[in-house]
Structure formats: structure tokens, C-alpha cells
Amino acid sequence: MGQLSVTLLRFGFLILLWVLVLSAIGVLRSDLYGTRVLQRGRGRQRVADPDPRSEKMANLSRATTGVKAGSISTKDPAVAHLAVTSGPLKGTVLPLGSAPILVGRAGTCTLVIDDDYCSARHCRIFPEKGAWLVEDLGSTNGTFLGGRKVDDPVPFHKGDAVRIGATTLELTD
Amino acid sequence: MATVTTIDVRRGRTAEVPLLAIAVAITISARGLVDFNTDALDWASLAAYGGVTIAVVVAFHVALRRWAPHADPVLFACVVTLNGIGLAMIHRIDVAYALRGRETSFASAQAGWTLVGMALAVATIILVRDYRILRRFTYTAGIVGLVGLLLPLLPGIGREVNGARIWIGVFGRSLQPGEFAKIAFVIFFAGYLVSNRDTLALAGPRVLGMRFPRTRDMGPLAIVWVAALLVQIYERDLGTSLLLFGMFVAMLYVATQRVSWVVLGVGLFLVGAVLAGSVFGHVASRYTAWLHALDFSVYASGQSEQLVRGLFGMASGGLFGTGLGNGRPDLVPYAESDFVFASLGEELGLAGVLAILTLYIVIIERAMRAAIGVRDGFGKLLAAGLGFTIALQTFIVIGGTTRVIPLTGLTTPFLAYGGSSMIANWIVVGLLLRISHQARMPEREAAT
């Protein structure tokens, strides 16, 4: 029980204290959450800095989704489009890339539908092996493909109509 | 074209485990070091202490997993550490008093209060399933807070200790209702401001590039200012009045985003403080003890004796401290409560004290983070307000003991001896954990 052990214990305790402080800060560093904006350029994906201020990003999302009213591009026939044919966003056309499209009322969705019958995250439209599939994400009022309720992913062909509340979505060229 | 995707937050219960392990290690080793350095090391009692600590922390962690799985991973571990260091320091002061023939059992009482506090924090997390239900009790909370603040003035149950009338006697124990009133006031301010912030943020005259509110909208600020002054005058409790008023101004700023409220608030408080200093003797003597602490006449008259002894203690601690159990913190009056920070400064040194302050900063940052993450205005104000109570209380006490501001009689959250403060602050932590759980919950779960 010499002076040495007293000193070692004294500094050991301070080191332990700082280990806790630094590891707590380390946990905080990885605690970014919120939303992330993925820019889709020509075949290349640019990742914007993840911004922890989730709300700011949520407000931006409608602008950044590139939702354009009434402009159906026919330049590239290979690229399919998702068109809104009825409902509050009638006339909106989304070009379809390789990324899935999330439809819902939440600001973080790709297609934001402001409709009381639409859930926060309502359904997902995604490509698989060259075909497009639609999947319900446990919405309250259901997603309907040609009058049938959608649960698990079902194929979504050109000409089919997906109904979400008062909104109808169709695949077009 | 861009897609917006949500980054899912990690739940954080796994990240919490290693932090809690270190926190428990600090708690047990602090106690062990005190016993070792005072030659009273008893492995059996240390093992019992460690066993209870581990059991309690594990139980709280399991409760979090069950009832608030998304709660903040850092908050609980930081609070456990502060609480553990506080318990060890209070035990150390018990030992020092015993050597001087004064038998005290502050540490065991404080350990009991900690258990009660933690149990109430878990109860808060379970009972307040959704913090938004608290908004229904806006005005009830306001009345409860006011009654709590005024209870010590009632003859019969009010107790005056050391010149401050802030205690009430219940079932033979004394209780500081002001500590609980502060939680009620945060709920009241949050509920009130979220409904009325638009009026308070309305356009007013522009002076010096700042938009000041209209005179008729300044009613609430004036009422809280008068209430804070009355507390200061009749209960002789400078700390609580500063805490209450500072909290309200901070929440006004959060609600309206207008710097003019802060300018007005600080201005009003300075006016009040100068007025009180020139009219009331007990306030004036506090100012003298602060400004002229090291004058011999002030020290010899006993006005600044406690403060200066605390400063000497911290100075003798130096950069790395004397080591737990090796200093003489008992030379400062009230070393276990008002001056626990000076005791820690002496035995852990600047390095230890800075670690403690960083822990407070982390706790406060987590409260603000929860406020940013939460989706409704009431929750934002509630979390920010609770964070500000801890921040202001810590600043007021530690500022007082380090002679940055005049000394006031508040308790250092989680460190100082005092049952009411311990329980109230654990309830604050319970509320913050609940709010952070809802803030960090992924949106698709929150929506269903």
C-alpha cells in the first residue's frame, strides 16, 4: 500500500472517468439520424451530406423529388414513368429509375400524397428483374391494383391502375 | 431528380451496455478508492454495494428495453456516473466527519433517495406512455407548481433552515417542494407557450435591429418576474428564483426565436437583482461575499468563509486532485451538499471536475437533441425546458462555488446530498428518456 499504488489508483480513476466521457461522445458521433437526399444523376449516384435536421429536409423533400406537373417526357422511350391520373396530384409524372418509389403522406416519401386516406408510408413501387412490382406497406386503408387489395408484392404492368385513397397511379412510357 | 430516404436510427440499447459497464465500474471503484485511501477497505461491504449497483442498473436497463427501447443511449449512463461519483463523495465526507467525532449517515440516506428516484423515473417512463398527454395538464401543472413554490411560506408545515424558507415538514422528514415545482413549471410553460407563441412572436416596435414584443404581450413575462422576485424576498431563495426565471426566458426564446425576449429577460433580472441587493440585507451580503470574498474583513466576519474554504480546497486539488479519500473536503461547511463540487475539485482535481462538467454538457445536449428530434411543438418545448433546468441549476450552483456568480443555495443535480433534488432530477431524466424514445422512434412505427 505504498505511495505508488495510491498514485496509480488516483490516475487510474481519472482515466476511467475520461474513458466514459469519450466513449459517450463516440456514441453521439454515430447518432446522426433523420433523412438523406440521394441525387440521381445520369447513371451516377451522388450522395448529399446526411443532414441531422430531419425537419428541414422533410420540408425540402417535395421540391427535391422533382415532381413536375403535366410534363410527360417522350425523349427516352426506354424510361418508364409513373403518372398520377386522378386525385389531388393529378397530372404529376415521376420518371422511374432503378430506385424504388415510396408513396405516402410523410414528407420523406418520394411521392407525397396529402390525402386523409393515405398512410404515412403507404406503398412501395420497385423494380425487380426488369419488371415493376407494387407492395403495400401495411397501410390503414389499403392499396388496390385493378380492384384487388394488394398485400405482398404483385406485378405492376403498363396500363394497370393502382388506387390509393382518391389517387390513381399508372405506369406510362 | 432525387429521392429522400430516412436514415433509421439505431435503437441504442446495445450501445448503452458498454457505457453502463464503465459507469458501474466508476461507481464501484470510486467507493472502493474512498475506502482504500481512508484505510477502511472492507471487501464484503464493497461487494454488497457493487452488487446492489449492478442489480439496480441492470433492472433500469431492462425496463428501458421493455418500455422505451428507442430511448437515448447516453443519457442514463451519464446520470449513473454522476450519481455514483456523488454517492462516493458523500460517503467520503461521512468518513471525514466520523474522524472528527460527528456521526452522519448522509451516504446511506442518499443511496436510499437514489433508489426511490430511479424507481420513480421508471414509473414516469411507464405511466407517461406518451409525453403529449402531459399537455392536458398544462394549467393543473401551473397551479401545482405555484402551490409547491408557496407551500414553505405556510405556517405550520413550512420550515426555515439556514435563513432560507424552502422546506416543508412531511411525516417527520423535510422536503423541498421547489424541486418538484420546477418540473410542473416546465410542463406549464411548454403547454402555455405552444398555444400562445404566435401572439408572443407578433410584430412589435423595432429597436436596434431587434423586434421587441408589444407591451400588452409582456404580461406572462412580468408575472413570472414578479413571482421570481417574491420567492427571492419571502423565501430568501435566490437560486430557485434565478432558475425559474431563467427557465422561462429560455423557453420563451425557444418558442419564439426572438433574441429580444432574452434581452428583456436578462435586463429585467439585472434590475431585480440590483433592486434586491440594495433593499434586502441578506441579498446584499451575498453580493459582498461574492465581490470581496478574499478581503480579510469579509472573511473574518464569516460572510465568505465557506466560499473561500471551498476555493482553497479546489486549489489544493490542483490539476489531478489529491485522490478520493486523501483530501480534507470536510473543512468546508456543507461539503456534502452545497459544496460537493468543491469537494470533488479537491479530490479529483481539474481533470476530474472537467470530466464531470462534460458529462453535464452531454446530458444537456441529449435533451436538446431530443427536442430537435421530436415532431410536435409541445414536446420540443418540454425537452428543451427540462434540459435548461438541469443546465441552469448546474450553472447556478457550480458558478456559485467557483465564484463566477453570487453563491446561492441550489443543489448540484445528482451529485449533492438532498433527497428532493435527487428524486426530482431522476423524474426529469425519466421524462427525457420518454421524450427521446419518441423522438428517435422510426416514423413508420410512430405512424401506426
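Lettering of chains follows the sequences in order, A, B, ..., and the numbering in each one begins at 1.
Both the backbone and the side chain of B:Leu348 come within less than 4.5 Å of a heavy atom in chain A. Only the side chain of B:Leu324 comes within less than 4.5 Å of a heavy atom of chain A; its backbone N, CA, C and O stay farther away. Contacts of B:Ile85 with chain A are made by side-chain atoms alone, with heavy-atom separations under 4.5 Å and no backbone atom involved. No part of B:Ala21 comes within reach of chain A, as not one of its non-hydrogen atoms sits under 4.5 angstrom from that chain. For B:Glu16, no part lies under 4.5 angstrom from a heavy atom of chain A.
In this structure, the ring of B:Phe60 has its center less than 6.0 angstrom from the ring center of B:Trp426.
Distance alone, capped at 3.5 Å, is enough to place a donor-acceptor pair between the B:His437 side chain and the B:His70 backbone. Between the side chain of B:Arg328 and the backbone N or O of B:Gly313, no donor-acceptor pair lies under 3.5 Å.
Using a 4.5 Å cut-off on side-chain heavy atoms (C-beta onward), A:Pro127 and A:Leu96 make no contact. Between B:Pro413 and B:Leu82 there is no side-chain heavy-atom pair separated by less than 4.5 Å.
For a heavy-atom cut-off of 4.5 Å, chain B lies close to no residue in residues 145-153 of chain A.
Most heavy-atom pairs under 4.5 Å with chain B, from the set A:Leu137, A:Thr140, A:Leu14: that is A:Leu14. Ranked by heavy-atom pairs under 4.5 Å with chain A, the list B:Gly349, B:Pro18, B:Ala30 is led by B:Ala30.
Between the side chains of A:Asp136 and A:Thr143, at least one donor N or O sits under 3.5 Å from an acceptor N or O.
For B:Arg434 and B:Tyr131, the positive end is not near the middle of the six-membered ring at less than 6.0 Å and at most 45° from its axis.
The two atoms that bring A:Asp160 and A:Pro155 nearest to each other are OD2-O, 4.2 Å, heavy atoms only. Between A:His122 and A:Gly142 the shortest heavy-atom distance is NE2-O, 3.0 Å.
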